[in-house]
Amino acid sequence: MKRRLITIALGLLLSTPALADEDCNIPDGIVKNLQAKLATVVNLPDANGGLFKPNRMWSAVVDRQGVLCSVVRSDPDAWPGSRSIAIAKASTANDFSNNKTALSTANLYSFTQPANTGLATTFPAGSLYGLNNSNPFNPAFQAQGSGIGKVPGGIITFGGGVALYRNGQVIGGLGVSGDTACADHAIAFRMRRLAGLDGTPSADNIVYLGPGELPHDVGHPHCFLTHDITP
């Protein structure tokens with residue numbers, strides 16, 4: 001009986017699919033060059049409109065399949081919780097951009113808010129309400145050092161994530177977190193531009209809603225009225 005149980009257990013173990021590592025499909029040199037831009041951008045004189053100078057950021061890169069390629073931080077005291085957020089921002093921008101339309105995570109803010117009666121030139125708020133629940137972040141990858149070669153997922157619908165473009169195609173996503181959402185967007189946008197991965201088919205820069213203006217179209221609320229910038 002004991003031998004039979006051991007045989008069954010081994011059979012179950014061998015039949016269970018392994019969560020194997022996958023190779024990042026973005027060339028290593030491109031990933032390293034992109035991540036190297038973080039040190040430059042966080043030290044810009046305008047602090048990217050953020051709370052901290054220099055900014056204290058996490059930066060994550062995923063490939064087109066959502067495989068986590070790299071996670072770095074610019075300061076050892078960057079908010080620990082921002083690591084997972086950076087990964088989720090990279091995943092979100094990659095997930096919802098293609099060779100026809102680029103969508104930054106900042107662009108998704110109004111779409112994912114509850115519907116309202118505010119005027120919209122094209123898209124009213126609420127048309128993607130609930131998107132945040134569609135591709136949840138896998139908490140198994142919250143620990144520092146984890147997740148490389150895996151697909152952590154995650155959805156974030158405020159500023160800080162941009163899709164990466166090469167030869168007119170999305171090759172992955174970049175997500176940064178560690179300051180206001182508006183500063184996060186500026187840092188990601190500038191890093192991508194410096195790395196030459198910004199050949200988007202449509203504009204995906206942050207578009208600020210006016211003070212008191214209801215969400216609509218691709219509008220994003222201000223984070224820090226006297227400091228926010230449009231990179």
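All of these numbers come straight from a predicted model, not from anything done at the bench.
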- [ ] Any chance you could measure Leu51, atom CG, to Cys182, atom SG, to the nearest 0.5 Å?
- [x] 10.0 Å
Task: Beyond-backbone contact of Ile155 with Ser134, side-chain heavy atoms, under 4.5 angstrom - done: yes
TODO: Answer whether the closest heavy-atom distance between the side chains of Met57 and Ser74 falls below 4.5 Å.
DONE: yes
Task: Steps toward side-chain contact (heavy atoms from CB on, under 4.5 Å) verdict (His220, Phe158) - done: CA-CA 7 Å; His220 188 287; Phe158 50 79; 3.8 Å; yes
Open item on the list: Please give me the minimum heavy-atom distance between Lys53 and Leu44, naming the atom from each residue.
Closed with: CE-O, 4.3 Å
Task: Main-chain N/O of Leu174 paired with Lys89 side-chain donor or acceptor, under 3.5 Å - done: no
TODO: Treating Ile, Leu, Val, Met, Phe, Trp and Tyr as nodes and any side-chain heavy-atom pair under 4.5 angstrom as an edge, say whether Val42 and Val72 lie in one connected cluster.
DONE: yes
Task: Hphob cluster co-occupancy, Val71 + Val176, side-chain heavy atoms under 4.5 angstrom - done: no
- [ ] Please tell me if the side chains of His216 and Leu209 come closer than 4.5 Å, counting only heavy atoms from C-beta onward.
- [x] yes
Task: Flag, side chain of Tyr165 to backbone of Asn98, donor-acceptor distance under 3.5 Å - done: yes
- [ ] Please round to the nearest 0.5 Å and tell me the distance separating atom CZ of Phe52 and atom CG of Asp77.
- [x] 8.5 Å
- [ ] Without swapping roles, check the side chain of Asp217 against the backbone of Thr122 for a donor-acceptor pair under 3.5 Å.
- [x] yes
Task: Gly154 backbone acceptor or donor facing Ser91 side chain under 3.5 Å - done: no
Open item on the list: Working to the nearest 0.5 angstrom, can you tell me the gap between Asp28 CG and Asp23 CG?
Closed with: 11.0 Å
Task: Linked, directly or transitively: Leu164 and Val62 (ILVMFWY side chains, under 4.5 Å) - done: no
TODO: Could you tell me the separation between the CD1 atom of Ile206 and the CG atom of Asp228, rounded to the nearest 0.5 Å?
DONE: 7.0 Å
TODO: Show your working on side-chain contact (heavy atoms from CB on, under 4.5 Å) between His185 and Asn205 and close with a plain yes or no.
DONE: CA-CA 8 Å; His185 171 84; Asn205 207 347; 2.8 Å; yes
Open item on the list: Could you measure the distance from the CZ atom of Arg166 to the CD1 atom of Ile26? Nearest 0.5 Å is fine.
Closed with: 9.5 Å
Open item on the list: Looking at Asn43, I want to see if its CG is surrounded by more than 12 non-hydrogen atoms of other residues, nucleotides or ligands under 6.0 Å.
Closed with: yes
- [ ] Looking only at non-hydrogen atoms, find the nearest pair between Val67 and Glu22 and report the distance.
- [x] CG2-OE1, 3.7 Å
Open item on the list: Among Leu108, Asn132, Ile85, exactly one meets side chain to side chain contact (heavy atoms under 4.5 Å, CB included) together with Ile156. Which residue is that?
Closed with: Ile85
Task: Backbone N/O of Trp58 and side chain of Arg83: donor-acceptor pair under 3.5 Å - done: no
- [ ] Take Thr200 and Arg192 through the side-chain contact (heavy atoms from CB on, under 4.5 Å) test and state the conclusion after the steps.
- [x] CA-CA 11 Å; Thr200 58; Arg192 181 180 67 176; 3.5 Å; yes
Task: Test item: Asn48 side-chain N/O and Gly50 main-chain N/O as donor-acceptor pair under 3.5 Å - done: no
Task: Distance-minimising heavy-atom pair for Pro114 and Ala125 - done: O-CB, 3.8 Å
Task: Shared hydrophobic cluster, Leu194 / Ile187 (ILVMFWY, side-chain heavy atoms < 4.5 Å) - done: yes
- [ ] Examine distances only and state if a side-chain atom of Thr112 and a backbone atom of Tyr109 form a donor-acceptor pair shorter than 3.5 Å.
- [x] yes
Open item on the list: Treating Thr105 as the side-chain partner and Gly160 as the backbone partner, does any N or O pair qualify as donor plus acceptor under 3.5 Å?
Closed with: yes
Open item on the list: Side chains of Ser104 and Asn107 only: does a donor on one sit below 3.5 Å from an acceptor on the other?
Closed with: yes
Task: Test: Arg193 cationic atom under 6.0 Å from Phe189 six-membered ring centre, within 45° of axis - done: no
Task: Closest contact, heavy atoms only, Gln142 versus Ser84 - done: CG-OG, 3.5 Å
Task: Shared hydrophobic cluster for Leu38 and Val31 (ILVMFWY, side-chain gaps under 4.5 Å) - done: yes
Open item on the list: Working note: Phe141 + Ile148, criterion side-chain contact (heavy atoms from CB on, under 4.5 Å); need CA distance, chi angles, decisive distance, verdict.
Closed with: CA-CA 9 Å; Phe141 303 128; Ile148 300 296; over 6 Å; no
Open item on the list: Measuring only between side-chain heavy atoms, which start at C-beta, is Met191 closer than 4.5 Å to Val61?
Closed with: no
Task: Side-chain (Asp179) to main-chain (Asp184) donor-acceptor, under 3.5 angstrom - done: no
TODO: Let me know which of Pro124, Pro215, Ser110 forms a side chain to side chain contact (heavy atoms under 4.5 Å, CB included) with Asn116.
DONE: Pro215
Task: Nearest atoms (heavy-atom pairs only) where Tyr208 meets Thr230 - done: CE1-OG1, 3.6 Å
Task: Where Ala60 and Leu68 come nearest, the two heavy atoms and their spacing - done: CB-CD1, 4.3 Å
Open item on the list: Let me confirm one number: the CD1-CZ distance from Ile87 to Phe137, rounded to the nearest 0.5 Å.
Closed with: 4.5 Å
Task: Short side-chain to backbone donor-acceptor contact, Arg64 and Asn94, under 3.5 Å - done: yes
